[in-house]
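Below is one structure, written out as structure tokens; comments come after it.
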There are 2 protein chains.
Amino acid sequence: MPKIVNHEKQREKVAEAAWRVIRKMGLDQASVRNIAEEAGLSVGSMRHYFSTQSELLSYAMKKVTKRVEERIACIAFSGDLLKDIPLLIDEIIPTDEEKRNEMEVWFAFVVKSMSDPNLAGHRCEVDDALRQVFIKIMNELTAIGMALPDLDIELEIERFYALIDGLAIHAILRPEIVTADMMRRAVHRHLMSLCRPPSGS
Amino acid sequence: MPKIVNHEKQREKVAEAAWRVIRKMGLDQASVRNIAEEAGLSVGSMRHYFSTQSELLSYAMKKVTKRVEERIACIAFSGDLLKDIPLLIDEIIPTDEEKRNEMEVWFAFVVKSMSDPNLAGHRCEVDDALRQVFIKIMNELTAIGMALPDLDIELEIERFYALIDGLAIHAILRPEIVTADMMRRAVHRHLMSLCRPPSGS
């Protein structure tokens with residue numbers, strides 16, 4: 001059993017080395033040789049963990065998703081949607097160094113998936129899962145009567161989801177302009193614009 | 001003189017071949033050899049047009065920007081902001097095949113620019129120019145009294161710009177979900193949400 005654990009740990013170590021190579025040199029430089037060097041392994045030993053470069057990259061891509069899922073699973077939701085929705089979105093957008101690194105790698109994989117069918121399947125799965133998040137947000141806001149009446153829900157799902165992806169990309173490309181604080185304020189403002197004014201106001 | 005014209009025409013032909021290679025095979029396969037083959041030129045003759053692969057890619061990236069600028073320069077603005085803003089945005093988002101192809105290539109360059117300083121400068125210039133578009137939109141809506149009072153203009157600039165980039169990326173990745181019609185409706189809805197209700201309503 002310890003051997004299996006070590007094997008998986010080693011695969012994770014290789015995936016993390018792949019992320020660093022992608023961030024420093026770009027995905028086009030993420031060769032088995034460069035990743036082995038970054039991981040401090042011999043090129044020969046890489047075969048124990050991944051049989052092809054394609055398998056390695058696919059694993060490294062899925063590992064990004066898994067990290068985000070694990071963080072979301074750890075959120076202590078309060079039951080108050082106006083607090084919980086920003087908490088959830090905070091785990092998707094790059095509000096700190098770790099998430100910024102992840103997002104840079106993810107973004108590279110997304111572009112690569114446009115010409116690489118091995119990566120396209122997982123990219124679509126993640127896109128479906130993220131769209132489901134925004135479907136759920138809009139449906140719950142509607143169900144408890146917080147959403148403004150007469151919203152085109154299908155359109156609002158896409159508008160919210162597109163805003164979040166746009167903010168995430170801008171934060172990666174121009175961190176000095178699109179800060180974590182600005183992203184959070186934009187999320188808050190957007191959420192408020194979808195909801196009825198609080199009663200009493 | 002005809003020689004100079006032909007030289008520039010030939011450079012454009014090579015840039016367009018580079019775009020096709022990037023879309024079919026990814027930017028990591030956009031070697032001088034692959035681009036020459038796609039353009040129907042010998043590898044040797046490529047040296048007449050571009051001295052390095054880096055110069056070629058930088059030219060091909062700037063050519064995408066130039067196309068968008070040329071389309072925007074051709075718009076017949078009416079003076080009515082509620083019509084003109086959607087017209088302008090229509091030239092930035094991938095509402096047809098040509099713009100979708102452009103956006104796919106642009107997106108690849110953006111990711112490459114994250115680890116390639118030769119491309120990063122132009123990417124920032126374009127980002128600055130696009131942000132200026134949204135600064136101008138928000139300022140004009142405010143100046144003529146159409147914008148809602150009490151908007152946080154700096155935040156709304158980023159929210160609008162991020163929405164547009166998010167929509168553009170989603171339309172490239174999931175054209176069956178994020179159609180041209182949906183993007184246009186999202187732009188309209190967003191614009192309306194920033195403006196006072198029309199008088200008389």
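Naming: A, B, ... by sequence-line order, numbering from 1 per chain.
Contacts between A:Met182 and chain B at a heavy-atom distance below 4.5 Å involve backbone atoms as well as side-chain atoms. Using a 4.5 Å cut-off between heavy atoms, A:Arg123 contacts chain B through its side chain alone, with no backbone atom that close. Within the 4.5 angstrom heavy-atom criterion, no atom of A:Asp116 approaches chain B. Only the side chain of A:Leu151 comes within contact range of chain B, judged by heavy atoms closer than 4.5 Å. Contact annotation for A:Leu167: both backbone and side-chain heavy atoms come within less than 4.5 Å of a heavy atom of chain B. With a 4.5 angstrom heavy-atom cutoff, A:Glu156 touches chain B only via side-chain atoms. Of the two parts of A:Asp181, neither the backbone nor the side chain holds a non-hydrogen atom closer than 4.5 Å to a non-hydrogen atom of chain B. The contact between A:Ile172 and chain B is made entirely by side chain atoms (from C-beta outward), counting heavy-atom distances below 4.5 Å. Contacts of A:Lys24 with chain B are made by backbone atoms alone, with heavy-atom separations under 4.5 Å and no side-chain atom involved. With a 4.5 Å cut-off on non-hydrogen atoms, A:Phe160 does not touch chain B at all. Only the side chain of A:Leu194 comes within contact range of chain B, with at least one heavy atom under 4.5 Å from a heavy atom of that chain.
Between chain B and the options A:Cys124, A:Ala168, A:Ser193, heavy-atom pairs under 4.5 Å are most frequent for A:Cys124. Highest contact tally toward chain A, considering only B:Leu173, B:Val178, B:Ile169, is held by B:Leu173 [criterion: heavy-atom pairs under 4.5 Å]. Counting heavy-atom pairs closer than 4.5 Å to chain B, the top-ranked of the candidates A:Arg23, A:Gln29, A:Arg159, A:Met25 is A:Arg159.
Inter-residue side-chain proximity for B:Arg131 and A:Ile177 is flagged as met; some heavy-atom pair is nearer than 4.5 Å. Annotation: side chain of A:Arg189 is in contact with side chain of B:Leu155 (closest heavy-atom distance under 4.5 Å).
Going from atom CG of B:Leu130 over to atom NE2 of A:His170 covers 8.0 Å, rounded to the nearest 0.5 Å. If you take OG on A:Ser115 and CD1 on B:Ile22, they are separated by 10.0 Å, rounding to the nearest 0.5 Å. Atom CG in A:Leu163 sits 11.0 Å away from atom CG in B:Asp165 (nearest 0.5 Å). Atom-to-atom distance recorded for B:Glu104:CD and A:Met114:CE is 4.0 Å, nearest 0.5 angstrom.
Dense packing is recorded around NE2 of A:His122, with more than 12 heavy atoms of other residues, nucleotides or ligands lying under 6.0 Å away. More than 12 heavy atoms of other residues, nucleotides or ligands shown are found within 6.0 angstrom of NZ on A:Lys63. Sparse packing is recorded around CD of B:Glu37, with 12 or fewer heavy atoms of other residues, nucleotides or ligands lying under 6.0 Å away. Heavy atoms of other residues, nucleotides or ligands lying less than 6.0 angstrom from CD of A:Glu140 number more than 12.
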Mind running side-chain contact (heavy atoms from CB on, under 4.5 Å) on A:Arg185 and B:Glu154 for me, showing each step along the way? CA-CA 11 Å; A:Arg185 285 189 296 125; B:Glu154 190 207 14; 4.0 Å; yes

So A:Leu27 and B:Lys112, side-chain contact (heavy atoms from CB on, under 4.5 Å) or not? Walk me through it. CA-CA 8 Å; A:Leu27 225 159; B:Lys112 174 94 172 155; over 6 Å; no

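For A:Arg174 (side chain) and B:Asp127 (main-chain N/O), no donor-acceptor pair under 3.5 Å exists by modelled atom type.
Contact between A:Val110 and B:Phe107 at its shortest, heavy atoms only, is CG1-CE2, 4.2 Å.
B:His190 and A:His190 have parallel rings, their planes meeting at less than 30° on a 0 to 90° scale where 60° marks the start of perpendicular.
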